[in-house]
Amino acid sequence: MIFLRRELTIVARIATIIKQNAAMRQQLNPENRAYWDELVERLREQSKYADERLLQRDLRDLLNEVVSAQTAGQTAADYLGGGPATVAIALGKMAQPRPWWQNWDWLVPLLIYTLGTILPGVILPAVPLQLLLVAIQYGLFLIAMGLGVWLTRRFTDRGRLVGWLVIIVGLLVAMSLVARLVPARGLVYLTRVGGSITLIIFALVITALAWWQKRQQPNAWLPAVLGSLWITTALALLARFPLTSGLMVTSTGNLLIGVGTILGDVSVLIIGWHIWQARQQPAK
């Protein structure tokens with residue numbers, strides 16, 4: 001019974017994707033539509049696409065790119081770099097995408113959340129890290145991300161936008177309630193010496209991971225967090241060094257922390273924008 005229910009769910013998902021693909025296909029001009037129809041036939045001849053679900057998912061992603069290219073004035077043949085037969089053979093030989101849990105891009109939202117909400121709260125060594133609160137907040141964040149991914153795979157662009165807005169608002173409300181209601185448990189102080197070492201090691205590990213991922217994928221998302229990471233780390237170190245720790249607890253220090261946090265957030269947006277722009281360029 002469970003197996004039958006799962007199969008019915010898969011069939012329903014495929015049917016939904018097919019409807020989405022049919023709707024996007026109508027956006028193509030006659031030339032691109034003829035090219036697309038032949039490409040679909042050629043792809044069905046590839047052994048890789050014996051799985052209908054994989055075929056429809058790849059068609060959805062590819063069709064979205066072709067529609068965007070058409071809007072920019074490119075034909076499907078120019079954008080994909082060849083005729084339907086040639087492109088189908090090339091796609092059929094390409095390795096299947098890695099499972100989601102092997103994609104380092106999923107680490108980026110978690111790091112952005114950490115750098116935007118968790119670490120700024122413990123820049124000053126006198127402010128403890130509340131492990132119980134942090135654990136619950138991370139749990140809520142992961143649930144929100146899971147719901148977002150679920151929506152993304154099942155709805156149109158407009159539905160995804162509305163869904164993500166609802167999720168974000170719900171997450172902010174939940175975070176606010178949790179911050180007020182959860183008792184202070186599991187307090188950990190990032191002291192001057194131990195805290196400094198911990199923060200430096202954390203920053204170095206993330207930087208090394210970003211460097212490694214960029215070698216694997218030139219347009220990786222992970223480098224987008226490095227500016228915010230090191231700005232936050234520098235502020236935390238200033239609050240722990242004897243020569244500057246006194247300054248950081250004054251109004252000037254609070255202003256410095258505020259400006260640094262804003263600069264870190266802006267750096268994520270700027271670097272992320274450039275990475276996104278690079279990802280939009282057609283592969284050559």
Side-chain angles (χ1 to χ4, degrees), residues 1-72 74-106 109 142-164 166-167 216-217 219 221 279-283:
M1 186 66 180
I2 296 177
F3 176 78
L4 178 59
R5 187 179 304 170
R6 181 185 302 172
E7 289 299 313
L8 291 175
T9 301
I10 293 175
V11 171
R13 291 176 182 174
I14 295 176
T16 300
I17 298 175
I18 291 175
K19 291 180 180 179
Q20 294 174 352
N21 291 344
M24 280 195 291
R25 177 184 173 277
Q26 296 303 316
Q27 301 178 38
L28 297 176
N29 58 38
E31 178 186 355
N32 286 339
R33 192 178 303 169
Y35 178 99
W36 179 258
D37 291 342
E38 184 178 351
L39 176 61
V40 173
E41 292 181 7
R42 297 288 187 174
L43 286 174
R44 289 189 179 279
E45 299 173 358
Q46 304 299 317
S47 59
K48 172 184 175 180
Y49 290 112
D51 182 351
E52 183 68 18
R53 181 169 50 171
L54 175 61
L55 173 63
Q56 294 300 330
R57 284 180 177 177
D58 282 6
L59 288 177
R60 178 181 59 186
D61 296 338
L62 191 61
L63 184 54
N64 190 37
E65 294 180 14
V66 171
V67 171
S68 299
Q70 176 180 282
T71 303
Q74 283 185 291
T75 66
D78 289 339
Y79 177 75
L80 296 176
T86 302
V87 173
I89 292 174
L91 292 174
K93 292 180 179 179
M94 291 177 60
Q96 294 187 19
R98 295 179 179 180
W100 66 267
W101 49 269
Q102 291 183 7
N103 192 337
W104 288 103
D105 283 351
W106 291 97
L142 292 175
I143 291 173
M145 286 294 299
L147 288 174
V149 172
W150 182 82
L151 286 174
T152 299
R153 294 178 176 177
R154 288 164 177 78
F155 292 92
T156 61
D157 291 341
R158 180 178 299 180
R160 294 169 191 167
L161 178 60
V162 174
W164 272 108
V166 172
I167 290 172
Q216 305 295 317
Q217 181 183 352
N219 295 327
W221 284 111
R279 286 194 169 197
Q280 303 312 302
Q281 299 298 322

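Taking CG of Asp58 as the start and CG of Leu43 as the end, the distance is 8.5 Å to the nearest 0.5 Å. Atom CH2 of Trp36 sits about 15.0 Å away from atom CD of Glu31, to the nearest 0.5 Å. Distance CD/Gln70 to CG/Asn29: 4.0 Å, rounded to 0.5 Å. Of the inter-residue distances, the one linking Leu80 atom CG with Gln74 atom CD reads 9.5 Å to the nearest 0.5 angstrom. Annotation: the span from Ile17 atom CD1 to Leu63 atom CG amounts to 12.5 Å, rounded to 0.5 Å. Residue Arg42 holds its CZ atom at 9.0 Å from OG1 of Thr86, rounded to the nearest 0.5 Å.
The backbone N or O of Thr75 lies less than 3.5 Å from no partner atom in the side chain of Asn32, so there is not a single donor-acceptor pair. Between the side chain of Gln20 and the backbone N or O of Arg60, no donor-acceptor pair lies under 3.5 Å.
For the residue pair Leu39 and Ala88, the shortest heavy atom distance occurs at CD1-N, 3.9 Å.
In this view, Arg33 satisfies the salt bridge (charged side-chain N to carboxylate O under 4.0 Å, His left out) rule with no residue, not counting sequence neighbours.
Looking at Glu52 and Gln56, their side chains do bring a donor and an acceptor atom within 3.5 Å of each other.
Side-chain atoms of Tyr35 and Val87, non-hydrogen and from C-beta on, do get closer than 4.5 Å to each other. Residues Leu91 and Gln46 are not in side-chain contact: their nearest non-hydrogen atoms beyond the backbone lie 4.5 Å or more apart.
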Exercise for review: Apply side chain to side chain contact (heavy atoms under 4.5 Å, CB included) to the pair Ile18 and Leu59, showing each step before the final yes or no.
Suggested key: CA-CA 9 Å; Ile18 291 175; Leu59 288 177; over 6 Å; no
**Study point:** Arg44 vs Tyr49, side chain to side chain contact (heavy atoms under 4.5 Å, CB included): CA-CA, chis, key distance, verdict
**Key:** CA-CA 6 Å; Arg44 289 189 179 279; Tyr49 290 112; over 6 Å; no
